[in-house]
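Notes for the one structure printed next.
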Amino acid sequence: MDGEMGILELTAVELGKKIKFGEVGVEEALEAVIERIQEREESLHCYVTLDLEGARAKARLLQKKLLNGEVSGPLAGVPFAVKDNLCTKGMRTTCGSKILKNFVPPYDATVVRNLESAGAFILGKTNLDEFGMGNTTERSFAGATRNPWDEERSAGGSSGGSAAAVASGECFAALGTDTGGSIRQPAAHCGLVGLKPTYGTVSRYGLIAYCSSMDQAGPITKDVRDCAAVMEAIASYDEKDATSLRREPLHLQSALTEGVSGLKIGIPKDYFEEKLQPEVEHAVRAAMKELEAQGAIVEEFELGLVRYAVPTYYTIACAEASSNLERYDGMKYGLREAGTGLHDTYRQTRAKGFGEEVKRRILLGTFALSEGYYEQYYLKAMKARRLIKNRFDEVFQTYDLLLGPAAPTTAPQLGSVGDDPVQAYLADVYTVPANLAGIPAMSLPCGRDAQGMPIGLQLMADRFQERTIFRAAATWEQVFGGFRQLRGSRRIDELGQLGGFGQFGGTRQHESKARWEEGMGQA
Amino acid sequence: MKKEYETVIGVEVHVELATQTKIFCGCSTAFGAPPNTQVCPVCLGMPGTLPKLNHRATELAMAVGLALHCEVSRTTRFDRKNYFYPDNPQNYQISQLYSPICKNGWLEIGEGQRKKQIRIHELHLEEDAGKLLHGDAGETLVDYNRAGVPLIEIVSEPDLRSSEDAIAFISQLRTIIGYLGASDCKLQEGSMRVDVNLSLREAGKECLGTRTEMKNLNSFRAITRAISAEKERQQALLDAGEEVIQETRRWDDAKGCSVSMRSKEDARDYRYFPDPDLPPVHISEAWIQKVRDSQPELREEKQKRFVQEYGLPEYDATLLTESVHLARLFELTAAQGVQPKKVSNWLMGEGLRLLREKEMDPEDIRLSPGHFAALIRMNEDKKITNAVAKQVFEAAFEENVDPQEYVEAHGLLTVQDEGLLRKTVQKVIEENLKSVEDYRKGKDKALGYLVGQTMKAMKGQAEALTVTALLKEFLD
């Protein structure tokens, strides 16, 4: 038991190293994960589909290959989870939708293939808001995912299943997808590191489209080093994706020790307004001060246009979604509800196959593209998007990095989003600008609120400047501590006045380990 | 008093491009394969798949655009045309609305005084849809082999004034595209599809009347008939003081009339918007130049060269160059050392007759230049008579039989045996004493009859001149 707890405490890269040196077996690591799944999955509900037997077979094979030297690399032998909107050959891929509940793709997403080429293996598909449309992982045909930190709360979304699985030890690392914050926000809510890469860095082939011009897959991991390793494994130019970019190797690992000395960090004032939860603001400002103490030059500025980000995002995302989701019609794959004739079959299939939120967005998007409204809505949103992009270009002339909160609050109670979709949409205000501009952005833990829920710090950089993000993220993580330390860290109310941030995160490792076991061992 | 009307016609022509693979995936475009054998997750529109533009399709579209004197857009984009129908697996077609690859061109039709330029509004790229097959039991099946085959749509301005104009425009278009090797342009097989927009306006007026769009025109004959029927239909409406409704109509060639498909009011809202899966295509001046440089000799040039190089009459050059396949067969055969004018005579006489009779396209001619030249030589050397040569030409036209072997196998060589010929002539004289009498009375016609009877008895394998001489010898 102790040994297994030890395994689950490891990050993906730490596990990879132990596997490489024969200290832990691939199957042993998998069994530890399976045991945790047996303990917690029933209540957390991280997965839509689990293939434990398949995973065991893969683990056996990988162990052999490792011994023969056929696979190597930092992630070789590490069990992964993948969001269920990424196609996996032979393993059903539902998008959290009834309309695809029986869909088994005959192909792998390129990111999945890349991950497997790196020697990692996939044990299951994680839960999400239907087609990625939502930010709580409650809008899945398979039911809601719970937050491992507090099961009454949401894990965030739409990649809530991936985040909850990593946070609970039901896998070592996971892939999510981020269209408007769907990697960063659940990572923030579950105390993890999540990266949305520069648009085009990771192939979208096999990522089931929600909003094609913004969708990007990326890692959700326990710490910054894992994030770098996963990112290096999945990034690739892909000739099957016309929006994929040819990039120089990312060299993220080397960025982890470079520090922030001389980096100019801009703090958009617009990210600290109105509905921001005070503890979130405190924690984020603390991180800011720490980076300043480490040698960064920090400056507040007015970003502007932030209030246009949410309406712009939803207009474009819904418009694209209305077209992207047209293919689900009961004719070729997925659910088919036979009606009287062609059009009635379309109607019945889509009426029964899609959930409320998806229907709402299809209707909004259809409206925004309709004759007579196209200029007024879609085109106007595209112009606003251009302005936002231009503004970021301008800002990155001055700053290397932008720093702010990832979400206005910590994880909300399950069911609290209620009937007001606009309120729910507004919660994406800090994450959607990066998607509109196509820039990379990361969320990483920077504290806990009075209820003990994790708070996410967001770092944004110019296109192709992931390295800068990793420099700052690693610097902060070194001071604050990683995932293990977060469990042991004091809640923000226990700290009293904000200030000496050395003590904020400087919890000793032995102490944190005890807390980890306390926190995660029970349940 | 009845008003005089002018017919105003514009056409939209869809042409399947002759690429090896589809426009957005690597599947084959070959025609006639068993249903759904040339498909993949991309052209089946499966979840998560993405389109990747075929470079060759872009170049062919540029080549056609350049030949039609169009401007090539330096930046061109693809848009989605959204509509629910099972022939399109994604329920949207990738097409071009906002920035087509080529625009503002023209094409010349007619000859001499009647020459005129027809303006081309635009030429854009898009993907073809699958084919629906309706079964006897009311079921509908879909074949996606055609889904994703690259198409160009050429849209003319309303500069055509008659069905003759329309046919001339489409023929000329077909010739040019054939020369470029960009498509086989077969109306029957659907690799070329023509929609006709037609309206009437009072003679002398500037503003256009309400137009209708006619679909399902599968032959030149159908186009001609549909234009005349639609002209009459609209004229009858206007004469009766009624209005023409803007609508799409479907031509029924069997019944010789059209029926309304949908009016403007039920026109679909396609919700066009830029396809986010396909970034804009940037076309450099160098790329345009490369396509221009690699363009083959087009019809006009070839026509001039045929007159100069082969000494053909202009009329021959015009007819031979209408199809690049015909022109090629002419040149390659002439290159075998036979007299060019003889080659031209064969193609313009027997060749065009057979194409018409058999409803064949010139590219379906199987006759090889080698066999063609051999045939002409055998005829020249009097090894076969003209009648036999025509028979062999017809056989070789579709199956490229070896003339030498064919003639030997069928015993068609001209009879050189004078003894046999004399015997036959004698026999014919004995059996046709009445005609012999007529001839001797001065009826020249009777001689012709006797020659015919002899030729028949010789199964066409005698030289008519020899036979006539022999008959005269016997009778005079």
Side-chain angles (χ1 to χ4, degrees), chain A residues 85-87 93 95 99-100 103 105-110 131 200 203-209 211-215 238-244 316 319-320 322-334 342-343 345-347 350 365-374 378-379 382, chain B residues 23-26 36 39-55 58 77-95 97-98 130 132 134 138-142 144 147 264 267-281:
Chain A
N85 59 352
L86 293 165
C87 289
T93 302
C95 273
I99 212 154
L100 282 176
F103 177 63
Y107 44 87
D108 274 323
T110 301
F131 285 101
S203 167
R204 290 188 300 114
Y205 192 86
L207 191 179
I208 299 183
C211 171
S212 316
S213 70
M214 295 189 236
D215 294 339
D238 185 2
E239 60 173 25
K240 286 192 270 187
D241 175 2
T243 61
S244 156
I316 295 169
E320 289 187 26
S322 73
S323 175
N324 281 333
L325 270 58
E326 279 165 354
R327 67 192 67 202
Y328 310 111
D329 61 2
M331 295 295 134
K332 301 155 301 250
Y333 42 75
L342 177 67
H343 287 276
T345 301
Y346 283 158
R347 218 172 280 131
R350 291 169 66 84
T366 303
F367 179 74
L369 290 177
S370 298
E371 213 179 314
Y373 297 99
Y374 179 82
Y378 179 77
L379 218 53
M382 289 300 273
Chain B
I23 185 165
F24 296 124
C25 66
N36 298 312
V39 293
C40 72
V42 176
C43 59
L44 289 176
M46 293 186 76
T49 62
L50 296 169
K52 190 71 200 287
L53 179 63
N54 181 333
H55 190 77
T58 318
R77 257 181 4 196
F78 289 88
D79 303 296
R80 291 189 188 172
K81 178 181 183 180
N82 299 283
Y83 66 94
F84 276 81
Y85 205 61
D87 64 357
N88 203 319
Q90 304 152 129
N91 285 322
Y92 59 79
Q93 179 195 29
I94 303 177
S95 178
L97 178 73
Y98 298 111
L132 295 188
H134 301 283
E139 81 280 16
T140 298
L141 305 170
V142 199
Y144 286 122
K264 195 190 174 192
R268 296 156 166 164
D269 180 353
Y270 291 115
R271 293 177 286 115
Y272 276 100
F273 77 107
D275 192 327
D277 288 332
L278 291 159
V281 181

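Every chain is numbered from 1 and lettered A, B, ... according to where its sequence line falls, protein lines coming before strand lines.
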Which one of [options] has the most heavy-atom pairs closer than 4.5 Å to chain B?
options                      : answer
A:Glu326, A:Arg204, A:Met214 : A:Glu326
A:His343, A:Glu371, A:Met331 : A:Glu371
A:Asn324, A:Asp215, A:Thr93  : A:Asn324

Exercise for review: Can you tell which part of B:Leu44 gets under 4.5 Å to a heavy atom of chain A, answering side chain, backbone, both or neither?
Suggested key: backbone
Check your understanding: So which part of B:Tyr85 gets closer than 4.5 Å to some heavy atom of chain A, the side chain, the backbone, both or neither?
Key -> both
Check your understanding: Quick one: side-chain contact (heavy atoms from CB on, under 4.5 Å) partners of B:Ile94, sequence neighbours excluded?
Key -> B:Phe24, B:Pro51, B:Phe78, B:Gln90, B:Tyr92, B:Glu127, B:Asp275, B:Leu278
Review point. Who pairs with B:Arg268 by salt bridge (Lys or Arg N to Asp or Glu O under 4.0 Å), at least two apart in sequence or on another chain?
Key: none
Which answer fits [X], side chain, backbone, both or neither, if we ask what part of it has an atom under 4.5 Å from a heavy atom of chain B?
X        : result
A:Leu325 : neither
A:Tyr205 : both
A:Lys240 : backbone
A:Pro105 : neither

Exercise for review: Determine, step by step, whether A:Phe367 and A:Tyr373 satisfy the ring pair (Phe, Tyr, Trp, His ring centres under 6.0 Å) criterion, reporting the C-alpha distance in whole Å, the side-chain angles of both residues, the deciding distance to 0.1 Å, and the verdict.
Suggested key: CA-CA 7 Å; A:Phe367 179 74; A:Tyr373 297 99; 4.4 Å; yes
Exercise for review: Could you check if a side-chain atom of B:Ser95 sits within less than 4.5 angstrom of a side-chain atom of B:Tyr270, using non-hydrogen atoms only?
Suggested key: no
Review point. Any idea how B:Tyr272 and B:Tyr98 line up, ring-wise: parallel (<30°), tilted (30 to 60°), or perpendicular (>60°)?
Key: perpendicular
Review point. Taking it one step at a time, do B:Val42 and B:Lys52 satisfy side-chain contact (heavy atoms from CB on, under 4.5 Å)?
Key: CA-CA 9 Å; B:Val42 176; B:Lys52 190 71 200 287; over 6 Å; no
Exercise for review: Take B:Met46 and A:Tyr107, measure what side-chain contact (heavy atoms from CB on, under 4.5 Å) needs, and give me the verdict at the end.
Suggested key: CA-CA 10 Å; B:Met46 293 186 76; A:Tyr107 44 87; 3.3 Å; yes
